[in-house]
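Structure, as structure tokens:
Residue numbers start from 1 in every chain, and the chains themselves are labelled A, B, ... in the order their sequence lines are given, proteins ahead of strands.
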Number of protein chains: 2
Amino acid sequence: MLELRHLRSLLAVADLGKLSSAAERVHLTQSALSHQIRVLEARYGLTLFQRTPRGLTFTPAGERLLALARTVLVQVNDAERDLVRLKGDTGGELRIALECHTCFDWLMPVMDEFRRRWPEVEIDLVAGFHSDPLALIAEGRADMVIGSAPPSKRAWHIAPLFRFEILAVLANEHRLRGKRRLSAEDFRDETLITYPVPETRIDLIREVLSPAGIKPERRTAELTIAILQLVASRRGIAALPNWGVKNYVDHDYVVARPIGTKGLWSELHAIVPKALKDKPYVDDFVEITRAVCVRQLDGIALL
Amino acid sequence: MLELRHLRSLLAVADLGKLSSAAERVHLTQSALSHQIRVLEARYGLTLFQRTPRGLTFTPAGERLLALARTVLVQVNDAERDLVRLKGDTGGELRIALECHTCFDWLMPVMDEFRRRWPEVEIDLVAGFHSDPLALIAEGRADMVIGSAPPSKRAWHIAPLFRFEILAVLANEHRLRGKRRLSAEDFRDETLITYPVPETRIDLIREVLSPAGIKPERRTAELTIAILQLVASRRGIAALPNWGVKNYVDHDYVVARPIGTKGLWSELHAIVPKALKDKPYVDDFVEITRAVCVRQLDGIALL
DNA sequence: AGATAATCATGAATGCAATTCATATCAGAG
DNA sequence: CTCTGATATGAATTGCATTCATGATTATCT
């Protein structure tokens, strides 16, 4: 008998293309998923997937079930959200403080979807950037911080969002453009163009340059596009998320290079006070964020 | 985690109002259903039903889940039907022969729904009434007979539909109207108004009157409404299904009385040749019939 | 009232089916 | 030809839904 569990698995396979990754997402082993699919196929006497050594692709029958999964699972989620609402304790506010400027790029669609799902929750951005955004929570001026590494875990509830690579961005004619990847040394005589935040908040400086004892000139700009203009007109180098510059690189406006031998990676988390942890809309915000970002941000990896 | 099994149970409870009957329909024990519901309620921290000693009624939360069940399960059925279609072997014809005239009353909506679901199957009624409808199947002139008791079980596949009571129908001013129930003896000096079919096909005669050696006058009419007119104008007594006369009784056009001490009950089955048994649309036809009839025919009991 | 007949609830035992574990198999890349 | 990364498979295991046996509750009948 068909169960939602099957549909959830199907959706995971569709999203990730491979049994092993899909299995992880639904908290099963690859073997379990394989068995599950085999049972389904036997039940209907149909092949649902074409097996290839690089993953699974859906047959028409598989597609039909997948379509069912998509519509049904959305309805199930909607219903469960309504139940939470019926239970009360659902109103509230969610004032979000950002640790990094680039988050703006994806936050708007997330907030739109959130407002649709939780009309009775007041969601807002805390204006401006602060040296210690976590303090904003402590002071009661924010409810959630979206930012990097979790600090103590004791006082806060931390929901992992995703990982992304920070790339060095160069002008097309830059002297370093020939290099496959940049090292700390390469930054020595360059001007670094950043958002106007303290050095400790800039991963490149904190993780790479400071340890190497390198302290390049700095110049700041508020907007990503302004930073890119400065880079393109050869005023210096920037370090930006891969998904933030992809479009500009694709259009040959600038070039991007990994930093260090393994690349410079950064993680984003949603941090809320323990008291908010059980508010149902907090989990949902995280879920929406992950879904939206994985869909429209190229080159990120969910945590 | 919510599963379709839960939604199926919910739907059964909604339809039948009682755990024990609902349990039967989903092939579980009453206990299992009770546990299942308790798990659901615990999961959402909500009460889904108000318990009364005469059954369960839905709370708003329960209603919400029930609404989900209704939409989702329809979609699941549609999808599964599409899968069957994708597998092929789905075209065909379904020529139905009726054993009793009253079946017309519910057959049309059933056929409408069937055509919607199986557009590629040609469904038709075999015209006219025949003394031995099963012979029509043998002769290849029909694919399904809807009628009473299964004859041999060897040669045919039999799907039970429902049970209903046959009531004696009297004019409002009839001399027998004072009696709570009618016995065979009561028919002795009456005229029996029936459809124009052989005596052996009339349950009242076969089961009640013949055994008692009573042979009343007969008069026939083709249409139910014509029979009722004859009854109302005191030309005789008729014996008709409870659901067929309910409306007329409710409007005081005629009165209806049970026959014999236990009432006279009849069963309807769908009979198909073994060869057709595995055609997917045959099962679906039966399912549609049962669903439509239980919804719009008052006083029947599914078999 | 008291007994009766319905209903649902509950806890422990059970059993089955989904899952895991360990391993095989397969295809393509280097 | 091996190594890597994927799925498949069979047997063992386990988790959890289900059953069994009984209790609790409440309306109905006498």
- request: Please state how far atom CD in A/Glu24 lies from atom P in C/dT19, giving the value in whole angstrom units.
  value: 16 Å
Side-chain N or O of B/Arg38 closer than 4.0 Å to phosphate OP1/OP2 of C/dT10: yes
- line: B/His35 has its side chain closest, among D/dG10, C/dG11, D/dA6, to C/dG11
task: By nearest nucleotide on DNA chain D, pick out whichever of B/His6 and A/Arg54 is the more 5' one.
output: A/Arg54
task: Classify the side chain of B/Thr52 and the base of C/dT7 as holding, or not holding, a donor-acceptor pair under 3.5 Å.
output: no
Protein-nucleotide distance (B/Gln36, atom CD; C/dA9, atom P), rounded to Å: 13 Å
- request: Nearest-nucleotide wise, let me know which of A/Leu56 and B/Ala32 is further upstream toward the 5' end of DNA chain D.
  value: A/Leu56
Pairwise 5' ranking along DNA chain C for B/Ser34 and A/Arg5, keeping only the more 5' one: B/Ser34
message: Using a strict threshold of under 4.0 Å (side-chain N to carboxylate O), is an ion pair present between A/Lys87 and B/Glu41?
response: no
task: Please answer whether the main-chain N or O of B/Thr47 pairs with a side-chain N or O of B/Thr59 as donor and acceptor at a distance below 3.5 Å.
output: yes
query: Is any side-chain N or O of A/Thr29 closer than 4.0 Å to OP1 or OP2 of C/dC21?
result: no
message: What is the distance, to the nearest angstrom, from the CG atom on A/Leu19 to the P atom on C/dT20?
response: 13 Å
- prompt: For B/Trp106, is the NZ or CZ atom of B/Arg295 found under 6.0 angstrom from the centre of its six-membered ring and inside 45 degrees of the ring axis?
  reply: no
- prompt: Does B/Arg51 place a side-chain N or O at less than 4.0 Å from the phosphate oxygens OP1/OP2 of C/dT7?
  reply: no
Separation of atom CG in A/Leu4 from atom P in D/dA17, rounded to whole Å: 14 Å
- request: Find the distance B/Glu3:CD to D/dC16:P and express it as a whole number of Å.
  value: 12 Å
message: Distance criterion of 3.5 Å, no angle test: do you see the side chain of B/Gln30 paired donor-to-acceptor with the base of C/dA9?
response: yes
query: Just one of B/Asp284, B/Asn77, B/Asp78 clears the side-chain hydrogen bond (donor to acceptor under 3.5 Å, both in side chains) bar with B/Arg117, so which one?
result: B/Asp284
query: Expressed in angstrom and rounded to an integer, what is the separation of A/Arg43 atom CZ from C/dA17 atom C1'?
result: 15 Å
task: Would you mind reading off the distance between B/Met1 atom CE and D/dA17 atom P, rounded to a whole angstrom?
output: 12 Å
- request: With heavy atoms under 4.0 Å as the rule, sort B/Ser31 into base, sugar-phosphate or nothing.
  value: base
message: By the 4.0 Å heavy-atom rule, please label A/Leu33 as base, sugar-phosphate, or nothing.
response: nothing
- line: When rounded to the nearest 0.5 Å, the distance separating CD1 of A/Ile259 from CG of A/Asp186 is 10.0 Å
- prompt: Rounded to whole angstroms, how far apart are CG on B/Leu28 and C1' on C/dC8?
  reply: 16 Å
